[in-house]
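Single-structure report; data block below.
Bear in mind that the values here come from a model prediction, so they are computed numbers and not experimental data. Residue numbers begin at 1 in each chain, while the letters A, B, ... track the order of the sequences.
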There are 2 protein chains.
Amino acid sequence: MTQPCTEHKECISKAMREGERVCQDNDQRFTAVRRRVLEIIWETHKPIKAYDILEKLSDSAGKPPTVYRALNFLLGNGLVHKINTLNAYIGCTHPREHAQCFFIICKVCGTATECCNSALNGIIQETAKKHNFTNYTASLEIQGVCEACANSPPS
Amino acid sequence: MTQPCTEHKECISKAMREGERVCQDNDQRFTAVRRRVLEIIWETHKPIKAYDILEKLSDSAGKPPTVYRALNFLLGNGLVHKINTLNAYIGCTHPREHAQCFFIICKVCGTATECCNSALNGIIQETAKKHNFTNYTASLEIQGVCEACANSPPS
DNA sequence: TCGATAGTGTTATACTATAACATTAATAAA
DNA sequence: TTTATTAATGTTATAGTATAACACTATCGA
Ligand SMILES: [Zn+2]
Ligand SMILES: [Zn+2]
Ligand SMILES: [Zn+2]
Ligand SMILES: [Zn+2]
C-alpha cells in the first residue's frame, strides 16, 4: 500500500478552502459537482484519471461531460493541473502563486510532486526569449524513481 | 499555406540516412513500414497525429496497430519524439546526440522546434537530485507564439 | 415575474491507443 | 535445402480519452 498522508484530511480541507477563495476572487461559482470533483482529486493525492473520477461520482452525475467540464473549470482556475504524460489530473498545492507547475513523478509508486522553482522558470524564460517566443506556458514532467521506491526491496 | 522548408528534401533524406544508421547501430531492421512512417513524419515537418499518418499510408498498411507499432519502434530508437501536449509525433533532428528532447511549439502555426540546451539539462538534473529521484527522463514542452506569427497581421 | 445566462443532464460520437491472434517474412539451425 | 525459430505485419476487435450537440434546470439581475 502507499503510505497514507498523515495530514490528509487537512490537505483536502485546505484545498477546498483554496477552491472557495479562488472562485470568489475570479467571480466563479464553486458548484456541487466542481466541489466534489476537486475533493475526489485530493482524496487520492496522486494523479487520477478522468474516468476514475467518474466512477467515484454518484450515478446521477456520472457521465463523461460532467467530469470533463468540472476538470476544465478547475484547470482554468488553476486549482488542478493535468499531467500530460499520464493523461491524469492532480490538485495544485498552491494555486494563485503561479501560472504553471512542474512535476516530478515516480514511475513506481505514482506520486507526483510539484517541483516548481525559480531557476527552472528562469531558464525556460531564457529559452523562450532566445527563440523569440512570446506569451508562453510550459509543461515540465520529470519521471523517475523516488528515493523510497529505489530503496524498497524488489518483490 | 505553410511556408515550405527550402531544404526540405534534404531534411527528409538526412533523416532517412540517420534512420538507416541508427538501426544498423542498434541491430534493428529498418523495414518498409518503418521507413515510410518516418518519411511521412518528416514530410510535414510539424507534429503529426497518428491517424493522420494512417491516412497517408497505402490502404494495405493503413490500420492503427501498424502505425503505432512503427511509431513505438521509432520512438524507442530515438528517431521520433512524442509531443504529449498535442498527442502528436515529430522527427528528431539529432538522434544519437541525446536521450531526451525539449520542444518549443507555436500555438498559431504549429511548428515545433527542439530547444534542448545544457542549462536546461543541468537544472533538471539538479531538480531530480534535490528530490532524490534517480533514473529519470524529462518532458518539456513550451507553448507560445513564434516571432513570425506574432508579427503577422491579424486576419 | 420575467428574461438572460451559466451550469448540468443526456445521448451520441470523435479521437487515441492497445490486445489478441492469424499470417508472413527473415534468420538461424539441422 | 529443408526446417525450426523468431521478428514483423495484417486483421479484427475493443479499450481508453475527450468533446459535440441539444434539452433542461438553476441562478441572478432587471
Ligand atoms: Zn500548482
Ligand atoms: Zn516511488
Ligand atoms: Zn531529438
Ligand atoms: Zn508560429
Same cluster for B/Tyr136 and B/Leu75 if Ile/Leu/Val/Met/Phe/Trp/Tyr side chains link at under 4.5 Å? no
Produce a footprint string for nucleotides 9-23 of chain D: one letter per nucleotide, 5' end first; B if the base is under 4.0 Å from any protein heavy atom, S if only the sugar-phosphate is, - if neither. BBBB----BBBBB--
Spacing of CD1 belonging to A/Ile142 relative to OG1 belonging to B/Thr137, to within rounding of 0.5 Å: 9.0 Å
For atom [atom1] of [X] and atom [atom2] of [N], their distance in whole Å:
| X | N | atom1 | atom2 | result |
| --- | --- | --- | --- | --- |
| A/Leu71 | C/dG7 | CG | P | 15 Å |
| A/Gln28 | C/dT5 | CD | C1' | 13 Å |
| A/Asn26 | C/dG7 | CG | P | 12 Å |
| A/Asp27 | D/dC28 | CG | C1' | 12 Å |
| B/Glu55 | C/dT16 | CD | C1' | 14 Å |
| B/Asn84 | C/dC15 | CG | C1' | 16 Å |
| B/Arg29 | D/dT6 | CZ | P | 15 Å |

Give the C-alpha distance, both sets of side-chain angles, the deciding distance and a yes or no for side-chain hydrogen bond (donor to acceptor under 3.5 Å, both in side chains) between B/Glu147 and A/His131. CA-CA 8 Å; B/Glu147 195 173 16; A/His131 287 265; over 6 Å; no
Measure centre to centre between the rings of B/His81 and B/Phe103, then say whether the value is under 6.0 Å. yes
Charged N-O contact under 4.0 Å between A/Arg36 and A/Glu39: yes
As a quick check of understanding, evaluate salt bridge (Lys or Arg N to Asp or Glu O under 4.0 Å) for B/Asp52 and B/Lys56, giving each step before the final call. CA-CA 7 Å; B/Asp52 291 336; B/Lys56 302 200 176 206; over 6 Å; no
